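From a predicted model like this one, the values you see are computed outputs, not experimental measurements. As a basis for the values below, the full set of heavy atoms in this structure was taken, side chains included, without hydrogen atoms, waters or symmetry mates.
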Amino acid sequence: IAAAGALLQYAQATQSGKLPHLRGLTVEIEGAYLGLDLATRRNLELTETLRGQPSPTLFSLLDNCVTSMGSRLLRHTLHHPLRERDIPALRHGAVEGLLEDYGRLAGEVRKALRGIADIERIAGRIALRNARPRDLASLRESLARLPELRAPLMEQSAPLIAQLFSELQTPEAALALLVRAIAAEPGAQVRDGGVIAPGYDPDLDELRSLNDNCGAFLVDMEVRERERTGIASLKVEFNKVHGFYIEITNSNAAKVPDDYRRRQTLKNAERYITPELKAFEDKALSAQERSLAREKLLYEAILDALLPVVPTLQTIARAVAQLDLLAGFAESALKRNWCKPEFAADTQLNIVNGRHPVVEDLEQGAHRRVVVEGTATQRDDQPEHVPLAIEQRHAESSADGVADRVADHRTDDADRHCDSGRCSPIAPQRDSRHQPPDQGGHVCRVSIHARHCWRANRLVSTFKGQPVQSCLAV
């Protein structure tokens, strides 16, 4: 509790105020997730290669997500695979439902997801009152697409799909406010103007009219004053030094009305101003400044009105991310012919015709048959196949029993060795698939990357605390 309080206080201090978008604290229990130490995460190349590159990795292979929210959830899921089977089982059932009719539902969902903005981050910006006008415009377009996103889910009976269907309800009041208040293509910043839609506020419309229709007013007044005074050469003009004025030549000075007040004397003309023109000048010269101030005031009022909707937006964002994740899994399963795993109650690891997904993607058509039972045996370019399969099942789909930890125990490049004692040293960067067999027929296999030839690797997985070991020297 003390640590949570310190974290909350730090967030409040850095954000200079309250954090209305924080809905509560969730305690993460280490035992709830499959154990993955730092070395294992690095060597399995879940989200980053050994060279620090974003691909080829399991994340880059599975990231078919349309939205950034789905991609973030996928990354978190890969790094936090659950030990309990309830949530993975719900995901499997949802993916199976989306794959019906040759993936038609998954395709419709992915099509509807296109154009949906990052609602999660927009909701946070609204809560912190630093959302930009284009954020609200993107939110408006995203909320308007929710009915299209829900439509394919109506015919699905999978529990997780039904839950997401109910969470994707459109907040009609918030959507109506955004449609009425925010311009179709607002400016990048409130200070630039052009944010509030025409017709939303009469006072703002009047100020904009003064600023935009200044030329039309001068032409209209010039026509009226010519008719009233009978001076055909009368001009109503404006400059930045003297403002608005009526210019009359000296030859027509006798026709100047009594309500004209002299503003400036020229060599051959006099410039005047009338009470009507003075009143318009006062409005017009401050119209732009007052218009921007009015827009800022209205924009802050819109953020205040959206603040109570932030929890609903966060729920929608989580549902969109989950649905995007499931549709991406369905796309991967359909594309790569993956099957739904079966959970076993007892302790076992049984993978038949398994393939390393990343290697298979890099080497199209290079399928190896791997049968693992009890002691895991690896073949050729698939030393990471077993732990990656365990990780992938807990993240989305593979097949095994209940695992509690995956560990990849490898020595440094200088200390790698084969347990058989029959392998001679191999250059770490040798560009070959394996070392030629020695006189005893022993072959030392190498890592999944052809550029790295290792003398030995050891992969250890534990099931309910009982180790299952795989040595790559076979």
Could you tell me which residues satisfy side-chain contact (heavy atoms from CB on, under 4.5 Å) with [X], sequence neighbours excluded, listed by chain and number?
| X | value |
| --- | --- |
| Gln189 | Arg132, Arg191, Asp192 |
| Ser332 | Leu62, Asn64, Arg336, Trp338 |
| Leu128 | Gln15, Leu19, His21, Asn130 |

Exercise for the section: State which residues pass side-chain hydrogen bond (donor to acceptor under 3.5 Å, both in side chains) with Ser291; sequence neighbours excluded, sorted by chain then number. Expected result: none
Exercise for the section: State which residues pass side-chain hydrogen bond (donor to acceptor under 3.5 Å, both in side chains) with Arg140; sequence neighbours excluded, sorted by chain then number. Expected result: none
Going by atom type alone, with no hydrogens or angles, which donor-acceptor pairs under 3.5 Å involve a side-chain atom of residues 142-151 and a protein atom two or more places apart or on another chain?
unit_1: Ser142; atom_1: OG; unit_2: Ala117; atom_2: N; d: 2.8
unit_1: Ser142; atom_1: OG; unit_2: Ser138; atom_2: O; d: 2.8
unit_1: Arg145; atom_1: NE; unit_2: Ala112; atom_2: O; d: 3.4
unit_1: Arg145; atom_1: NE; unit_2: Arg114; atom_2: O; d: 3.1
unit_1: Arg145; atom_1: NH2; unit_2: Ala112; atom_2: O; d: 3.4
unit_1: Arg145; atom_1: NH2; unit_2: Arg114; atom_2: O; d: 3.0
unit_1: Arg150; atom_1: NE; unit_2: Phe165; atom_2: O; d: 3.0
unit_1: Arg150; atom_1: NH2; unit_2: Phe165; atom_2: O; d: 3.1

Handout entry: Within the 6.0 Å centroid threshold, strictly below: His92 and Phe343
Key = yes
With sequence neighbours excluded, residues passing salt bridge (charged side-chain N to carboxylate O under 4.0 Å, His left out) with [X]:
| X | value |
| --- | --- |
| Arg72 | Asp118, Glu120 |
| Arg208 | Glu295 |
| Arg294 | Asp201, Asp203 |
| Asp205 | none |

Result block: side-chain N/O donor-acceptor pairs under 3.5 angstrom for residues 95-104, not counting sequence neighbours:
unit_1: Glu96; atom_1: OE1; unit_2: Lys340; atom_2: NZ; d: 3.1
unit_1: Glu100; atom_1: OE1; unit_2: Gln156; atom_2: NE2; d: 3.3
unit_1: Asp101; atom_1: OD2; unit_2: Arg104; atom_2: NE; d: 2.8
unit_1: Arg104; atom_1: NH1; unit_2: Glu108; atom_2: OE2; d: 3.0
unit_1: Arg104; atom_1: NH2; unit_2: Glu155; atom_2: OE1; d: 3.0

Practice task
Hey, could you give me each pair passing side-chain hydrogen bond (donor to acceptor under 3.5 Å, both in side chains) that has a residue in residues 158-186? Not counting sequence neighbours.
Solution key: Gln163-Glu167
